[in-house]
Amino acid sequence: MTAKNSKVALITGGARGIGRAIVERYLKEGMSVITCGRNNRPDDLDAAVDWYSTDVANPEAVEGLRDAIISKHGSLHVLVNNAGIQIEKTVVDSTDEDWDLLMGVNAKGVFYCCRTFIPLMVQSEGGSIINIGSISGRAADPEMALYNASKAFVHGLTRSIAVDHGKQGIRCNAICPGWIMTDMVDAAFELADDREAAQKDALARHYIGRFGEPSDIANMAYWLASDDAAYTTGQMFTIDGGLTAASPVNPALF
């Protein structure tokens with residue numbers, strides 16, 4: 001671990017995947033790290049990390065989390081809104097329950113956390129909010145209507161926070177991952193009639209020659225949290241191995 005970093009960071013949805021990678025990177029850099037999830041503390045989570053069982057879709061639960069952070073740390077400098085879920089349906093197939101569940105976590109959860117923690121971050125002399133968006137918020141993935149819409153919301157909220165709260169010392173940016181090897185990506189591949197062919201086709205569209213890893217996103221999340229990014233706000237950073245840089249022609253055909 002590096003020398004002690006004075007920053008206090010909260011990462012929502014830190015039990016696994018991208019969230020866990022960010023937790024581990026921040027811990028490695030010496031930050032005081034807090035994370036949360038809807039279930040119990042993971043057995044393999046580093047003992048140095050503070051865990052709170054919290055549903056970010058519940059505003060009272062988010063306020064309780066804020067109170068716990070104030071009680072123990074007194075301040076917050078970095079907020080990573082990573083918690084999110086995925087439902088693989090079209091608009092026509094989506095139910096009211098699907099809407100409430102997905103938008104509750106992916107949209108309301110980000111809104112509640114930003115609304116609740118911005119005042120604390122202002123009291124802490126400013127800080128960095130990092131929202132985990134998606135390339136799906138810019139170009140729609142098939143049969144992912146609510147997920148696509150929720151990530152577009154995250155991108156819009158990111159810009160609004162940057163504009164409205166920049167003078168209070170708050171920077172707000174979003175990371176837009178592409179195909180990062182997590183449980184969510186596995187679920188997306190399961191939708192294909194031929195999983196192996198779908199993976200091969202998807203890989204051919206990644207010009208860096210591989211799918212992303214959670215650590216790729218954690219690296220960007222650390223930079224955005226650091227003082228090196230002090231002049232960076234209101235931006236959407238696409239981390240996708242070149243997937244969205246090219247025309248939609250399948251390179252495997254040539």
Pairwise distance [atom1]([X]) to [atom2]([Y]) - rounded to 0.5 angstrom:
X      : Y      : atom1 : atom2 : answer
Asp46  : Trp51  : CG    : CH2   : 13.5 Å
Leu10  : Met31  : CG    : CE    : 12.0 Å
Leu224 : Asn173 : CG    : CG    : 5.0 Å
Met121 : Thr116 : CE    : OG1   : 12.5 Å
Ser150 : Lys108 : OG    : NZ    : 13.5 Å
Ile34  : Ser32  : CD1   : OG    : 7.5 Å

For [X] against [Y], the heavy-atom pair lying closest together:
X      : Y      : result
Val110 : Asn106 : CG2-O, 3.3 Å
Lys89  : Ser94  : CB-OG, 3.7 Å
Gly133 : Pro177 : O-CD, 3.3 Å
Tyr112 : Ala57  : CE1-O, 3.3 Å
Ile130 : Ala221 : CD1-O, 3.3 Å
Pro59  : Arg115 : CB-NH2, 4.1 Å

Please check if [X] and [Y] belong to a single hydrophobic cluster, counting links between Ile, Leu, Val, Met, Phe, Trp and Tyr side chain heavy atoms closer than 4.5 Å.
X      : Y      : answer
Val163 : Ile129 : no
Val62  : Ile70  : yes
Met181 : Leu243 : yes
Met236 : Ile161 : no
Leu102 : Val91  : no

Check whether any side-chain heavy atom of [X] lies under 4.5 Å from a side-chain heavy atom of [Y], and answer yes or no.
X      : Y      : result
Tyr147 : Ser136 : yes
Phe117 : Leu65  : yes
Asp50  : Thr35  : no
Pro214 : Ile180 : yes
Cys114 : His165 : no
Ile239 : Ile175 : yes
His155 : Arg138 : yes
Leu27  : Val49  : yes

Step by step, would you call Ile85 with Arg38 a side-chain contact (heavy atoms from CB on, under 4.5 Å)? CA-CA 12 Å; Ile85 62 172; Arg38 289 178 292 178; 3.5 Å; yes
Pairs in or reaching into residues 221-238: which pass salt bridge (Lys or Arg N to Asp or Glu O under 4.0 Å), with residues at least two apart or in two chains?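 Counting only pairs at least two positions apart or across chains, the salt bridge (Lys or Arg N to Asp or Glu O under 4.0 Å) contacts touching residues 221-238 are Lys7-Asp227.
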Enumerate the side-chain hydrogen bond (donor to acceptor under 3.5 Å, both in side chains) contacts for residues 57-71, please, sequence neighbours excluded, ordered by first and then second residue.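 Non-adjacent pairs meeting side-chain hydrogen bond (donor to acceptor under 3.5 Å, both in side chains): zero.
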Given 3.5 Å as the limit, does a donor-acceptor pair link the side chain of [X] with the main chain of [Y], or not?
X      : Y      : value
Ser53  : Asn39  : yes
Ser124 : Leu76  : yes
Ser128 : Val78  : no
Asn81  : Cys113 : no
Arg171 : Thr232 : yes
Thr90  : Asp93  : yes

I'd like a table of donor-acceptor pairs (distance under 3.5 Å, sequence neighbours excluded) in which one partner is a side-chain atom from residues 14-24, with atom names and distances.
residue	atom	partner	partner atom	Å
Arg16	NH1	Asp183	OD2	2.8
Arg20	NE	Gly14	O	3.3
Arg20	NE	Ala15	O	3.4
Arg20	NH2	Ala15	O	3.0
Arg20	NH2	Asp44	OD1	3.0

For residues Thr12 and Asn82, is any side-chain donor paired with an opposing acceptor at under 3.5 Å?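 No, no side-chain donor-acceptor pair sits under 3.5 Å.
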Pairing donors with acceptors under 3.5 angstrom, does anything connect the side chains of Ser160 and Asp164?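 Side chains of Ser160 and Asp164: no pair found under 3.5 Å.
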Other residues, nucleotides and ligands only: do more than 12 of their heavy atoms fall within 6.0 Å of CH2 on Trp223?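 Check passes, neighbour count above 12.
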Lys/Arg N to Asp/Glu carboxylate O, Arg25 vs Glu29, below 4.0 Å: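 Between Glu29 and Arg25 there is a salt bridge, with a charged N closer than 4.0 Å to a carboxylate O.
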Salt-bridge present (Arg210, Asp216; N to O < 4.0 Å):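 Salt bridge flag = yes for Asp216 with Arg210.
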By side-chain contact (heavy atoms from CB on, under 4.5 Å) - contacts of Phe153 (at least two apart):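 Once residues adjacent in sequence are excluded, the partners of Phe153 under the side-chain contact (heavy atoms from CB on, under 4.5 Å) criterion are Ala107, Phe111, Leu157.
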Sequence neighbours left out, what passes side-chain contact (heavy atoms from CB on, under 4.5 Å) with Val122? Give chain and number order.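 If we apply the side-chain contact (heavy atoms from CB on, under 4.5 Å) test to Val122, skipping adjacent residues, the hits are Ile118, Gln168, Ile170.
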Apply side chain to side chain donor-acceptor pair (under 3.5 Å) to Asp100 and list each qualifying residue two or more places apart in sequence or on a separate chain.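 Checked Asp100 against side chain to side chain donor-acceptor pair (under 3.5 Å); zero matches.
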Which label fits Trp179 and Phe211: parallel for a plane angle under 30°, tilted from 30 to 60°, or perpendicular past 60°?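 Aromatic pair Trp179/Phe211 classed tilted.
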